[in-house]
Amino acid sequence: MPQINYTNIAEMAFNQPLLLTASLANTIEAFLTPRVLGLKVDKHENPEKISAQESTPIPLGDPEKGDRIVVVPVHGILVPRRGSITDTCEEVMSYELLRSQIQKALNDESVLEVVLDINSGGGTAQAAFECAEFIYQARSIKPIRAIINFNAYSGAYLIASACTEIIISETAGVGSIGVYQKRLDLTKAYEEAGYKVHTFHRGATKVFFHPDVEMSEEERAHTEQNIENTYQKFVGAVAKYRELSLSEVQATEADTYEGQAAIALKLADRLATPQDAINQIALSAVQRSSTPTLSKKISVQAASLLLNTPK
């Protein structure tokens, strides 16, 4: 089995703005830190990998007509490019794969609508805004609806906010419109282990975020500015996609909201369970198509999907 490059994974988890919840960030940190430091981990850990899932086409009626909707699973940690991670951390979905699957559905004339089945605490800020803007522009070609099944936080909510509609159940959650960043400092660990690292550089910012160098006030100010820039971009995007004011988005203070509370704040559009939502979307799609008679069996066909229900 190939060796997992934990240092490479850590580069996505530390020293850059993240659009994820604090709890997810802590989970990733707890998973990566002992591995980056070379500490002992459970030898019985399952080494299998989990990769992003492919989209699921759902036929709506006569197979010869090809009318259907496509469901794209948006589960786990969101990262810029395709990849995988051990299942002791979480599932992984890349913005790159999400875009390509949506584009595939847009290019398929038999596809009537696209559904994003979202269950994610967010991920990296890198590539998130480009992906969200792509969805926002693409929804003018075909409806792209987000079903919150059962969480869409931070970067995942950015993706959902760009969709034509957000459907949420009573216990599903959205929000966490904020930015998170961690800076790994190993200087104390090196000192206790008897190591001393000498780092030579040119350019004041070259050693910013290096774990073998203590944080300076200049680095702190630099980081704060980056965080603020990313936050304003996040707030602006959600305000644009959801037709809210900047103050309305900022007033959420990165909190999370369930069901009707999310709808009241205009962070979601309507209430439905994930299975009811997919049935309603499919029925509506058929009624708008050129073959309305296909609707008679739609509930039975859509019910077979089960929306990739989290295990």
Side-chain angles (χ1 to χ4, degrees), residues 18-21 24 52-53 55 69-79 91 93-95 97-99 101-102 105-106 113-125 127-140 142-179 233-244 248-249 252 254-274 276-278 280-281 307-310:
L18 301 174
L19 305 184
L20 44 66
T21 60
L24 179 55
Q53 302 175 51
S55 58
I69 60 178
V70 164
V71 175
V72 181
V74 185
H75 300 166
I77 304 169
L78 304 178
V79 298
E91 220 172 334
M93 177 62 173
S94 75
Y95 298 116
L97 179 58
L98 176 56
R99 287 184 60 163
Q101 294 202 66
I102 292 175
L106 294 176
E113 293 202 17
V114 181
V115 174
L116 303 188
D117 170 20
I118 304 178
N119 186 37
S120 169
T124 67
F129 295 103
E130 293 89 339
C131 183
E133 184 63 21
F134 168 78
I135 293 171
Y136 179 69
Q137 297 297 331
R139 77 187 198 186
S140 65
K142 293 180 182 179
I144 303 175
R145 306 186 194 277
I147 296 179
I148 313 305
N149 186 26
F150 277 87
N151 297 309
Y153 295 135
S154 209
Y157 182 71
L158 173 63
I159 295 302
S161 72
C163 293
T164 307
E165 182 182 37
I166 299 177
I167 307 170
I168 191 171
S169 69
E170 284 284 3
T171 59
V174 296
S176 190
I177 305 169
V179 186
K233 189 181 298 184
F234 194 177
V235 168
V238 172
K240 170 185 172 182
Y241 301 152
R242 298 295 302 168
E243 298 184 353
L244 297 169
E248 285 177 310
V249 179
T252 66
D255 203 352
T256 60
Y257 304 89
E258 294 184 348
Q260 194 60 51
I263 294 174
L265 291 173
K266 302 178 184 177
L267 298 180
D269 297 296
R270 60 186 173 95
L271 208 61
T273 66
D276 285 345
I278 197 68
Q280 294 162 6
I281 291 170
L307 275 177
N308 295 293
T309 303

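For this chain, numbers begin at 1 and follow the sequence in order. Just so it is clear, the model here is predicted, and its values are computed rather than measured.
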Going by atom types alone, do Arg145 and Gln280 pair a side-chain donor with an acceptor below 3.5 Å? no
Shortest non-hydrogen contact from Ala160 toward Ile118: CB-CD1, 3.8 Å
Ile263 versus Arg270, closest heavy-atom pair with distance: CD1-C, 3.6 Å
Would the distance check show the side chain of Thr256 and the main-chain N or O of Ser176 forming a donor-acceptor pair, the cut-off being under 3.5 Å? no
Show, in sequence, the C-alpha distance, side-chain angles and deciding distance for Leu116 and Ile135, and conclude whether the side chain to side chain contact (heavy atoms under 4.5 Å, CB included) test is met. CA-CA 11 Å; Leu116 303 188; Ile135 293 171; 4.1 Å; yes
Got a second to check how far Tyr95's OH is from Phe129's CZ, nearest 0.5 Å? 8.5 Å
Give a yes or no on whether the backbone of Val79 and the side-chain of Thr124 come within a donor-acceptor separation of less than 3.5 Å. no
Donor-acceptor pair, side chain of Lys266 and main chain of Glu248, under 3.5 angstrom: no
Taking C-beta and beyond as the side chain, do Pro274 and Phe150 meet within less than 4.5 Å on heavy atoms? yes
Value rounded to 0.5 Å, distance of CG in Asp117 from CD1 in Ile148: 9.0 Å
Closest non-hydrogen contact found for Phe234 with Gly155 is CZ-N, 4.4 Å
Identify the heavy atoms of Arg139 and Ile144 that sit nearest to each other, and give their distance. N-CD1, 3.9 Å
Going by side-chain contact (heavy atoms from CB on, under 4.5 Å), name the residues that satisfy it together with Thr252, two or more places apart in sequence or in a different chain. Ile177, Tyr257, Leu267
Does any non-hydrogen side-chain atom of Val74 lie less than 4.5 Å from one of Gln101? no
Surrounding NZ of Lys233 (heavy atoms of other residues, nucleotides or ligands, distance under 6.0 Å), is the total greater than 12? no
With sequence neighbours excluded, tell me which residues meet side-chain contact (heavy atoms from CB on, under 4.5 Å) with Ala132. Leu158, Ile159, Ala162, Tyr241
Quick one: does Arg99's side chain get under 4.5 Å of Glu130's, heavy atoms only? yes
Before you tell me yes or no, could you show the steps for Thr164 and Glu113 under side chain to side chain contact (heavy atoms under 4.5 Å, CB included), namely the whole-Å CA-CA distance, both residues' side-chain angles and the distance that decides it to 0.1 Å? CA-CA 10 Å; Thr164 307; Glu113 293 202 17; over 6 Å; no
Please confirm whether the backbone N or O of Gly76 pairs with a side-chain atom of Ser120, one donor and one acceptor, at under 3.5 Å? yes
Approximate separation, where rounding is to 0.5 Å, of Glu258 CD and Glu170 CD: 9.0 Å
Sub-3.5 Å donor-acceptor pair from the side chain of Asn119 to the main-chain atoms of Asn151, do we have one? yes
Taking every non-hydrogen atom, the tightest pair across Ser154 and Gly178: OG-O, 3.5 Å
Over all atoms of both residues, closest heavy-atom pair of Ala138 and Leu106: CB-CD1, 3.6 Å
For the atom pair CG (Asn149) and OG (Ser169), what is the distance rounded to the nearest 0.5 Å? 7.5 Å
Check: Asp269 side chain, Ile167 main-chain N or O, donor-acceptor pair, under 3.5 Å: no
Do Ile281 and Ile147 have side chains that get closer than 4.5 Å, going by heavy atoms? yes
